[in-house]
Amino acid sequence: MPISISFIRRSSSLIAPRAPDFPLKRFLFFSKYSSIPAQDFLTHLQKHQSHVEKNLDAVKSNLDSQCISQVLEHCAIEKPKLGVRFFVWAAFHPSHRHTSYMYSKACKLLNLEKNPRIIADVVDEYRAEGFAVSVKMFKVLLNLCREARCAEMGLWVLRKMKELRCMPDTVSYNVVIRLLVANGRLDESMGLLKEMPLCDLTPDMVTYGSVIKGLCDAGDLEGALGLVKVMKGHGCVPNSVIYSTILDGICMHGSLKLGLEFLDGMEKVEEKEKDEGRPNVVTYTTIIKGFIDKGMASEARSILDRMYDSELKPNRVTFVTLIDGLIKEGKVEEALKVVDTFGGDGVRTDELYNMLVLSLFRAGKHKESEEMFRTMLARGLKPSGLTASSIIRGIVLEGRVLDGYFLFQEIEKLGSFVSIDPDVYSSLLACLCQENHLAEAGSLVNIMVERRVHLEPSQYEHLANFRSFLN
DNA sequence: CTAGGGTTAG
């Protein structure tokens with residue numbers, strides 16, 4: 001009996017029959033009968049097409065990020081405007097705050113990058129309904145413009161705010177300025193910077209930092225330093241974010257020698273600037289990256305000692321940068337030495353091994369990365385989900401399905417939870433079926449059910465080909 | 001809204 005798998009998610013039926021015993025059928029069963037917590041919100045959204053917010057206020061259901069994603073997913077195709085309005089409304093729900101992750105998720109689900117006009121349409125809707133839009137709500141829209149990387153729409157919303165007599169604040173300007181900088185529209189970002197005082201707004205550290213970053217990225221170091229003078233003149237004392245940005249520019253467009261001199265200068269910041277402008281972990285990581293980019297990984301390594309001299313400990317980002325650079329230059333021994341020397345002091349040894357394995361993997365040295373991975377398992381170090389997934393995926397792609405399966409089993413035996421990418425489960429399962437390792441496939445499915453592994457329809461569609469396995 | 005960047009989950 002053929003099984004249709006492509007449409008089983010999100011059935012509206014809430015009366016679930018008894019779960020079947022057979023593992024794969026159980027798995028598909030749970031995919032089919034999981035309920036939709038977002039249903040209440042969707043019902044109220046669809047009731048009236050306008051004044052959506054009032055209806056939503058009446059909903060008593062709990063609002064969480066999963067629920068928001070589901071609502072947006074349902075709005076995406078037919079009613080993206082409704083989705084945007086829901087998202088703006090949800091930003092002020094007393095029991096919830098949007099994280100930056102939620103902004104990017106919303107942007108993806110509503111396809112705002114391709115259709116930024118939806119944002120403008122929503123503003124027009126608000127206006128047509130006489131809805132009083134607050135600055136806070138506009139800022140949610142501006143942040144959506146940022147996620148959609150649409151400078152044009154950001155500028156449009158900023159102008160519209162004034163038109164609706166909803167005066168933008170410094171943060172509103174900052175969002176649009178960063179957006180312009182990210183799009184390489186430096187002149188316009190500086191135009192907005194100059195416009196701010198005319199609106200009684202004071203550019204702050206973030207404002208200057210954004211434009212300075214733009215100038216640095218464009219290689220205009222003098223311009224950037226000029227702006228540092230300007231901000232000082234306005235009583236805005238540069239902090240290490242500003243100086244690290246400049247240092248990054250110097251490393252990219254000047255020279256490492258100049259970069260090191262600039263770092264020297266930062267280490268001797270005058271007392272009145274307090275600690276704010278002193279080099280921190282990011283500053284040192286920036287110069288390490290500078291050396292790495294010039295193919296001088298060993299010199300980068302030596303910066304670690306200078307950090308410790310300044311009583312700063314390298315963090316995860318510092319190590320990722322350094323280890324990745326060393327591996328790219330084939331200096332595996334040196335990288336391993338860094339891991340063994342610094343592991344456990346600030347960053348755990350297992351995390352450093354994960355970086356090592358992933359760097360090797362990314363550098364295309366799959367054999368070495370697999371060996372390193374097995375070494376770390378043997379030493380009782382816990383692999384991250386990303387590391388384990390990458391290694392197993394690599395093995396499966398090489399056609400060594402059983403090797404991949406046994407490695408997976410070994411990771412299972414560790415006793416601590418490793419979050420394997422659903423995609424890896426999917427391809428392991430498919431390949432095991434394909435090669436007729438049905439016992440292994442069966443036990444894998446058992447683990448998937450136990451783990452509540454959620455697959456997207458596209459990830460198990462191909463399993464429909466293995467009907468013999470299902471019966 | 002905040003510099004360097006592949007943890008996690010959201």
Side-chain angles (χ1 to χ4, degrees), chain A residues 63-69 96-106 136 138-140 142-143 145-147 154 158 168-182 189 192 201 203-214 216-217 224 236 238-252 266 276-277 279-293 300 303 307 312 314-325 347-348 350-359 361-362 382-390 416-419 421:
Chain A
L63 185 70
D64 58 18
S65 38
Q66 191 205 6
C67 167
I68 293 173
S69 301
H96 178 263
R97 286 240 54 184
H98 288 328
T99 58
S100 62
Y101 171 83
M102 276 314 291
Y103 275 96
S104 75
K105 182 121 203 210
K136 280 181 171 186
F138 269 117
K139 281 198 272 193
V140 177
L142 284 173
N143 281 315
C145 294
R146 175 176 54 86
E147 280 308 321
L158 195 66
D169 56 8
T170 299
V171 176
S172 311
Y173 268 88
N174 288 349
V175 173
V176 182
I177 287 173
R178 259 198 85 48
L179 199 43
L180 288 166
V181 165
S189 74
L192 287 187
L201 294 174
D204 63 8
M205 198 77 76
V206 178
T207 323
Y208 287 113
S210 303
V211 180
I212 287 170
K213 175 160 172 52
C216 285
D217 288 349
C236 189
N239 60 11
S240 40
V241 177
I242 301 289
Y243 288 135
S244 297
T245 304
I246 303 247
L247 178 61
D248 191 39
I250 295 174
C251 289
M252 279 191 301
M266 283 182 75
E276 298 292 295
N280 59 16
V281 194
V282 179
T283 319
Y284 286 102
T285 304
T286 300
I287 197 129
I288 285 175
K289 180 82 173 11
F291 279 112
I292 297 291
D293 288 343
I303 299 289
M307 279 186 79
L312 285 170
N315 65 14
R316 193 174 293 116
V317 183
T318 319
F319 283 118
V320 167
T321 308
L322 179 59
I323 290 172
D324 211 52
V347 182
R348 293 200 316 270
D350 53 2
E351 290 185 276
L352 295 181
Y353 264 92
N354 277 304
M355 293 173 195
L356 202 48
V357 172
L358 282 173
S359 288
F361 190 82
R362 279 196 297 267
K382 190 191 165 187
S384 73
L386 181 66
T387 311
S389 302
S390 305
S416 55
F417 179 67
V418 178
S419 159
D421 185 341

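Order of the sequence lines sets the chain letters (A, B, ...), proteins ahead of strands, with each chain counted from 1.
Within the 4.0 angstrom heavy-atom criterion, base atoms lie near Val206(A). No engagement by Ser384(A) is indicated, since no non-hydrogen atom pair under 4.0 Å with the nucleic acid exists. Here Asn143(A) lies in heavy-atom contact (under 4.0 Å) with sugar-phosphate atoms only. Lys213(A) comes within contact range of the sugar-phosphate backbone alone, with a heavy-atom separation under 4.0 Å but no base atom that close.
A heavy atom lying under 4.0 Å from DNA chain B marks the following residues of residues 169-178 of chain A, by number: Val171(A), Asn174(A), Val175(A), Arg178(A).
Rounding to whole angstrom units, CG of residue Asn315(A) and C1' of dA3(B) are separated by 12 Å. Per the geometry, CG belonging to Asp350(A) stands 13 Å off P belonging to dT8(B), to the nearest Å. With rounding to whole Å, Asn354(A) atom CG is found 10 Å from dT7(B) atom P. We find that CG of Leu180(A) is positioned 17 Å from P of dC1(B), with the value rounded to whole Å. Taking atom CD1 of Ile287(A) as the reference point, atom C1' of dA3(B) lies 14 Å away to the nearest angstrom. One atom, CZ of Arg146(A), and another, C1' of dT2(B), lie 11 Å apart when rounded to the nearest Å. One atom, CD1 of Ile212(A), and another, P of dG4(B), lie 14 Å apart when rounded to the nearest Å. In this structure, the CE atom of Met205(A) is 17 Å from the P atom of dC1(B), given to the nearest Å.
With sequence neighbours left out, Thr99(A) forms a side-chain contact (heavy atoms from CB on, under 4.5 Å) with Tyr101(A), Met102(A). In this structure, the side-chain contact (heavy atoms from CB on, under 4.5 Å) partners of Ala224(A), at least two apart in sequence or on a different chain, are Ile212(A), Leu215(A), Cys216(A), Ile246(A). Partners of Thr318(A) according to the side chain to side chain donor-acceptor pair (under 3.5 Å) rule, which considers only residues two or more places apart in sequence or in another chain, are Thr285(A), Asn315(A). Residues meeting the salt bridge (charged side-chain N to carboxylate O under 4.0 Å, His left out) test with Lys213(A), sequence neighbours left out: Asp217(A). For Ser389(A), the side chain to side chain donor-acceptor pair (under 3.5 Å) criterion is met by no residue, not counting sequence neighbours.
Ser419(A) has a side-chain polar atom (N or O) that falls below the 4.0 Å cut-off from OP1 or OP2 of dA9(B).
Between Asp293(A) and Cys251(A) there is no side-chain heavy-atom pair separated by less than 4.5 Å.
Sequence order on DNA chain B of the closest nucleotides to Ser390(A) and Ser210(A) puts Ser210(A) first from the 5' end. Between Val282(A) and Met102(A), the residue anchored nearer the 5' end of DNA chain B, judged by the nucleotide with its closest heavy atom, is Val282(A).
Counting distance only, with no hydrogens placed and no angle test, the side-chain atoms of Asn239(A) and the base atoms of dA3(B) include no donor-acceptor pair under 3.5 Å.
Nearest to the side chain of Asp204(A), among dG5(B), dA3(B), dC1(B), sits dC1(B). With dG4(B), dT7(B), dT2(B) as the choices, the nucleotide that has an atom nearest any side-chain atom of Val241(A) turns out to be dT2(B).
Under a 3.5 Å cut-off, the side chain of Asn354(A) and the backbone N or O of Val357(A) do not form any donor-acceptor pair.
More than 12 heavy atoms of other residues, nucleotides or ligands sit less than 6.0 Å from atom CZ of Arg362(A).
The same atom, P, is picked in dA9(B) and in dG5(B); the two are 23 Å apart, to the nearest Å.
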